[in-house]
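Below: the structure, in structure tokens.
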Amino acid sequence: MPVHVLLEGTGPQIPAHLTRIPISLITTSTDVTDKIVKGKVVHKGPLVPLNNDSFILKMVIQEEDSMLNSSSQNSSVNVVLFGSLAKNFSQSANQGVLRPVLPNPRSPPANERRSPVSAELSSAKAPKYTYAKLDSLKAGSVVNVYGVVVFFKQPFKSRGTDFCSSLKITDHSNEKIGCTIFCEKLEDHPKIFRNGDIVRMHRVKAQVFNKSITLVNTFGFSVVTFDGVKGAPVEPRTSSRSFHFDPDDQRTVEELRSWAASQALFASVTSTVPLSAVQPKAYFDLTCQLLAKAPVDTTCTLLRVWDGTRCPHTLLKVIVEPHVTEGQLSFSKERENLIADVLVYDNHVEVARKLKPGVFLRIYNLRAIAGSSTVPGLTRSQLQVDHLAFHLHGGTSYGRGIGILPDNSPDVQELKRVIEAFQENDEEALSELNDSDLLEVWRTPPESLDGETLDCSTERSCSHDMQKVTLSEVKRSGLGRVHHVRAQLKAYEPHRLHEALKLYCSKCKSMQDVPDDELLESIFSEASKDCGPCSPPPWVLSGQVSLPRHAPGPSNRALTVYLLTQLMFEGKTKDVILLMGSTLEEMCQLMASYQNIIPVRASGGHLSLFDLSAPFLFRGRKRYYGSEITLGIQPLQFILLMKLELQDATDTLDVFLWRHAESFFGVSAEDASANQEAQNSICQIMDSLCPPGGNVGQHPWLDLCLMAYQAEDDDGQTKTCYQVCHTTVVKPSSE
DNA sequence: GATTAGGATTCG
């Protein structure tokens, strides 16, 4: 291949099929087939002879256009030349010479692989776009424009056939021009995420409306959007497969950024606020992740979202039917405290319908409203006065709407960091558990499960950037805490869900089994012997209740109860009772009439709690266990714990699922302890991931994130254990 | 080569 030195305006023609791309857009994944770059040789290395009579030479070329400004962009690229090309280059080129770099002749033909972004032909003959200043628009003309966004609405459905985007832009002329974009496809609309973003529009028509010029898209319309932050990478946001971008564009974007930064363009618009800084009554934009959603009625949908920060105000919680919820049904208490229930109305319901849990959103012009709102659906307590509710009212005023943020946006990257930090901290609470407990024998033989068939798989939700490895590589790698694997589930233990449920004490880091009803019955029976006369403390009043008529049992006997004096005065006689001398069954019957029941017995003439091997509190179907600490009871937490045997082509590996079990199944352990629907959900998932009696080779493949850690077994031997983390079961969509 | 909308909160 000959080397030609180009002098400006002369020299050999660049072949027409070659396209120039800016150096800043080159990444290791860029398809450089038929692409050229143009730049000055800023470094020319020596011609280095290789031992096979060949040569090698390194140089650095820099795009001249970008040398004019102080951009932080990569405008230079290292180039290694081989063989005669290196030799010819060494002889004919000098440092400081502008030259084209021709593509690698061994690259595959252009039609074999297409990069998602390829630039339009940008040789000397290509049409050069000209951009109209916003103060020079003439009615009826079709122009190309650049502008800084000072107002925008997310695309909304028009009454016609298209979605409509409404925006206002400005430029150095300070003229503010409204733009209306009609496109049938959402992806063709400008990808604007915040005021200050920079748009470049081709083929928009200037028209007069209300004595002002507005711009409307016309045939051949295209738009590219850039982040407006000074110094940020100039990355075009567009769904166009082909678009023009040259160093002039780069410069225009950077000039507009600098100019906008010096202007007070958007002093009055709503700004992005984290949940931790939300003020009641305020309108704000919320950048968040969608965790779950559920329709409330035809005009309202609940979006359960979080941004990893804690709102200082108590958040209103909306109850919806579990079977209409999409996404995780319940969360750990710590996570629940960070979740905002957002009610979206009217036109936003349709947009919300298309959102998938896990997606990152910006909700524009959200309203925080304090007070005992009468929200649709039931609230979790009758007393949610001053709890903060979030409403996205109907309409599109003030840009009200929901926008999906792409995973690579800087805002999402930041959000992921905050969320991961929370999850790591959440793990800390459980991390000091005595690991020998985990290694205890799993006694239960497998049993077959009935249930609907689902086709589940799993996906990672972590943001670790790493290659997948095989199970044998995981076993061999002594170092490194996190591994990504793809494997099948060969077996798991225990098969009985109630054996996977454990009680965990965050104070003493111990784990224990959940007592079964047989054990509880014997505890109640034993305690009922201690129900003789006792002198109750002054804060309770004693009384008697009869069991419901239809109740089976020896007779309709009356049971001794104690009511809290304070609650009596407040008329809340059904909120909580202390119950003495009942059987477990009788107590369960009384649950129909009382929200909370605390079983008590008479011990030495005094009212006392049961032994803490029984629940200290019954609430509906939920039972609360505790352990004794110096000044009272430390509540125990339900956790889920399973051992999974993974298999791939190279090996098998035992891993635990517990710290991330709740997000894995999309069910909280507490719900799994009491809620049949939650229990069914877990059983169906396990049945799908590891069908009983099936051939392991036909089990679904699972993408998993594994964390390795050291644990001591009973003999004090250190061994490496693995846990599934940051992994979620994917169920087939019900749509 | 038609039509849509044409910024401008607040029912829930």
Side-chain angles (χ1 to χ4, degrees), chain A residues 137 139-140 142 147-170 176-186 188-190 192 194-195 199 203-221 265-271 279-286 294-303 316 318-320 341-350 352 363-379 384 387-403:
Chain A
L137 304 174
V142 173
V148 180
V149 175
V150 293
F151 170 79
F152 68 103
K153 287 183 177 184
Q154 292 299 310
F156 56 94
K157 199 97 190 78
S158 73
R159 288 174 207 274
T161 56
D162 298 334
F163 283 95
C164 176
S165 285
S166 188
L167 56 143
K168 187 170 270 181
I169 59 174
T170 189
K176 300 201 171 43
I177 300 291
C179 312
T180 306
I181 308 298
F182 294 105
C183 294
E184 201 168 358
K185 292 184 193 153
L186 280 172
D188 294 336
H189 282 258
I192 302 169
R194 58 168 81 238
N195 284 316
V199 290
R203 291 165 287 265
V204 282
K205 188 173 183 177
Q207 346 185 295
V208 176
F209 176 79
N210 273 348
K211 297 177 188 162
S212 306
I213 288 279
T214 59
L215 290 170
V216 182
N217 59 316
T218 181
F219 307 105
F221 165 78
L265 287 178
F266 353 90
S268 64
V269 296
T270 51
S271 57
Q279 294 299 320
K281 291 189 186 162
Y283 289 96
F284 65 105
D285 299 338
L286 179 66
V296 173
D297 59 41
T298 55
T299 67
C300 179
T301 292
L302 169 68
L303 300 181
L316 185 98
V318 180
I319 290 186
V320 288
D341 282 2
V342 176
L343 293 162
V344 308
Y345 293 95
D346 304 339
N347 51 316
H348 310 300
V349 167
E350 194 185 338
I363 305 178
Y364 298 92
N365 199 238
L366 189 57
R367 182 128 200 251
I369 299 175
S372 53
S373 317
T374 46
V375 294
L378 300 163
T379 56
Q384 297 206 352
H387 287 195
L388 216 48
F390 298 94
H391 296 253
L392 186 67
H393 295 295
T396 63
S397 305
Y398 280 80
R400 199 178 290 145
I402 303 171

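Every chain is numbered from 1, with letters handed out A, B, ... down the list of sequences. The figures here come from the full heavy-atom set of this structure, side chains too, leaving out hydrogens, waters and symmetry mates.
Residue A/N195 contributes atom CG, which lies 14 Å from atom C1' of B/dA8 at whole-angstrom precision. Per the geometry, CZ belonging to A/R159 stands 21 Å off P belonging to B/dA2, to the nearest Å. Put simply, CZ on A/F209 is 8 Å from C1' on B/dA5, counting in whole angstrom units. Atom-to-atom, CG of A/N365 to C1' of B/dG12 comes out at 15 Å; the value is rounded to the nearest Å. The nearest whole Å value for the distance from the CD atom in A/Q207 to the C1' atom in B/dA2 is 14 Å. Separating the CG atom of A/L366 from the C1' atom of B/dT10 is a distance of 13 Å, rounded to the nearest angstrom. The nearest whole Å value for the distance from the NZ atom in A/K185 to the C1' atom in B/dT4 is 18 Å. If you measure from atom NZ of A/K205 to atom P of B/dA5, you get 18 Å, rounded to the nearest angstrom.
The stacking criteria are not both satisfied for A/Y398 over the base of B/dA8, which would need a centre-to-centre distance under 5.5 angstrom and an angle between ring planes under 30 degrees. Stacking is found between A/F182 and the pyrimidine-like six-membered ring of the B/dT4 base under the 5.5 Å centre-distance and 30° plane-angle cut-offs. Both thresholds, 5.5 Å between centres and 30° between ring planes, are met by A/Y283 relative to the base of B/dT9, so the two rings are stacked.
Nearer to the 5' terminus of DNA chain B, by closest-nucleotide assignment, is the contact made by A/S166 (compared with the other of A/T299 and A/S166). The residue among A/T180 and A/L392 whose nearest nucleotide of DNA chain B is located toward the 5' end is A/T180.
For A/D162, taking side-chain heavy atoms from C-beta onward, the closest of the listed nucleotides B/dG12, B/dG6, B/dT4 is B/dT4. Of the candidate nucleotides B/dG6, B/dT9, B/dG12, B/dG6 has the atom lying nearest to any side-chain atom of A/F156. The side chain of A/S397 sits closest to B/dA8 out of B/dG12, B/dT3, B/dA8. For A/F151, the side-chain atoms get nearest to B/dG7 when compared with the rest of B/dG12, B/dG7, B/dG6.
Between B/dG6 and B/dT10, the two C1' atoms lie 22 Å apart (nearest whole Å). Going from the P atom of B/dG1 to that of B/dA5 covers 23 Å, rounded to whole Å.
A donor-acceptor pair is defined here as one N or O able to donate and one able to accept, closer than 3.5 Å; such a pair exists between the side chain of A/R203 and the backbone of A/G220.
Side-chain nitrogen and oxygen atoms of A/R367 include none within less than 4.0 Å of the OP1 or OP2 phosphate oxygen of B/dT9. Side-chain nitrogen and oxygen atoms of A/K153 include at least one within less than 4.0 Å of the OP1 or OP2 phosphate oxygen of B/dG6.
Within the nucleic acid shown, A/K168 comes within 4.0 Å of at least one base atom, counting heavy atoms only. Residue-level contact check: A/G394 touches the bases, meaning some heavy atom is under 4.0 Å from a base atom.
With hydrogens and angles ignored, a donor-acceptor pair closer than 3.5 Å exists between the side chain of A/D346 and the base of B/dG12.
With sequence neighbours excluded, the residues forming a salt bridge (charged side-chain N to carboxylate O under 4.0 Å, His left out) with A/R194 are A/D411, listed by chain and number.
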Donor-acceptor contacts under 3.5 Å from residues 205-213 of chain A side chains, at least two apart:
{"from": "A/S212", "atom 1": "OG", "to": "A/N210", "atom 2": "O", "distance (Å)": "3.4"}

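Residue A/K157 qualifies as enclosed at atom NZ: its count of foreign heavy atoms under 6.0 Å is above 12.
A/H189 and A/F163 have perpendicular rings, their planes meeting at more than 60° on a 0 to 90° scale where under 30° would count as parallel. Between A/F390 and A/F284, the two ring planes are perpendicular [angle over 60°; tilted spans 30° to 60°].
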